[in-house]
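In what follows, chains are A, B, ... by sequence order, proteins preceding strands, each numbered from 1. Worth knowing before you read on, the calculation uses all heavy atoms, side chains too, and leaves out hydrogens, waters and symmetry mates.
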Number of protein chains: 2
Amino acid sequence: MNLKQLQFVIHVAETCSFSRAAELSFATQPTLSNSISQLEDELGGRLFKRTTRSVELTPFGEAMLPRIKETLHSRDELLQAAHAFHNPVH
Amino acid sequence: MNLKQLQFVIHVAETCSFSRAAELSFATQPTLSNSISQLEDELGGRLFKRTTRSVELTPFGEAMLPRIKETLHSRDELLQAAHAFHNPVH
DNA sequence: CAATGTTACGATACACGTAATCATA
DNA sequence: TATGATTACGTGTATCGTAACATTG
């Protein structure tokens, strides 16, 4: 599991599409597809239900999404805090 | 920035030693040293003050540590939630 | 000078993209 | 059958470990 995979999940959930999520992520569709499959294997279940015309979160995906967002949010706060430390508000 | 680097930081902070942290992390000292240097570059400052006999957190490191722990904690909760979803308590 | 962190460098593995394939609305 | 996801596969890069080096208490 890594942070990039989590960001991919967010983008897929937001766009309901692997191809559009790939654009958002500056990656190709296969790269994103593989990366998410790998994460799904690690988490023990599918996060998305795919058909050729639609992508939607599974119940498992719904359950994981808030946790995933929280983890990415923590990362963002960490980066912001690092930046703020070196550029303090006077 | 990745989760492994964050875990390395925790181990170094806990042991006050790169070599002991490397053991905890199942990595070699150079690997850990490089990985942390890379993170420090990305965050814009040294997290640890090194001498040959001691390693201690810098003020910047002190400031980042809680954020780092929080991010790793979020990841742990995500993994636990995934496990719990497939092994619900009856 | 002994213990510990860093640098250099080569090998291996992994991530990524291209191309081809599969699936379904 | 056209759109969009997956699989196959080769390549380039990044990660990791070994060995050599630097540093300092």
query: What are the residues of residues 26-35 of chain B, sorted by number, that bring a heavy atom to within less than 4.0 Å of DNA chain C?
result: B/Gln29, B/Pro30, B/Ser33, B/Asn34
query: Quick check: does any side chain N or O of A/Thr58 sit under 3.5 Å from a backbone N or O of A/Lys49, one acting as donor and the other as acceptor?
result: no
task: Mind listing the closest non-hydrogen atom pair of A/Met1 and A/Leu6 along with its distance?
output: CE-CD1, 4.1 Å
- line: Rounded to whole Å, the CD-C1' distance (B/Glu23 to D/dC16) equals 17 Å
query: Nearest-Å distance, CD1 (A/Ile36) to C1' (D/dT6)?
result: 13 Å
task: Walk along DNA chain C from 5' to 3' and tell me the first and last nucleotide with an atom closer than 4.0 Å to a non-hydrogen atom of chain B.
output: C/dA2 to C/dT7
- prompt: Do NZ/NE/NH1/NH2 and the carboxylate oxygens of B/Glu77 and A/Lys69 come within less than 4.0 Å?
  reply: no
Check: B/Leu65 and B/Leu47 side chains under 4.5 Å, non-hydrogen atoms: no
- request: Please list, by residue number, the residues of residues 38-50 of chain A whose heavy atoms come closer than 4.0 Å to an atom of DNA chain D; answer none if no residue qualifies.
  value: A/Arg50
A/Thr71 versus A/Ser74, side-chain donor and acceptor atoms under 3.5 Å: no
Rounded distance in Å - CZ (A/Phe8) to P (D/dA5): 14 Å
query: For B/Ser17 and B/Ser19, does a side-chain donor sit closer than 3.5 Å to a side-chain acceptor?
result: yes
field: Closest to side chain of A/Ser19, choosing from D/dT3, D/dG25, D/dA5
entry: D/dA5
message: Taking B/Gln29's backbone N and O only, do any of them form a donor-acceptor pair with B/Ser33's side chain (distance below 3.5 Å, no angle check)?
response: no
query: Any donor and acceptor pair, going by atom type alone, linking the side chain of B/His86 with main-chain N or O of A/Gly44 inside 3.5 Å?
result: yes
query: Any sub-3.5 Å donor-acceptor pair from A/Thr15's side-chain atoms to A/His11's backbone N or O?
result: yes
message: Base, sugar-phosphate or nothing for B/Ser37? Non-hydrogen atoms, less than 4.0 Å.
response: nothing
- prompt: Do the non-hydrogen side-chain atoms of A/Arg75 and A/Gln7 ever get within less than 4.5 Å of each other?
  reply: yes
- prompt: Are A/Glu40 and A/Arg50 close enough for a salt bridge, meaning some N to O gap below 4.0 Å?
  reply: yes
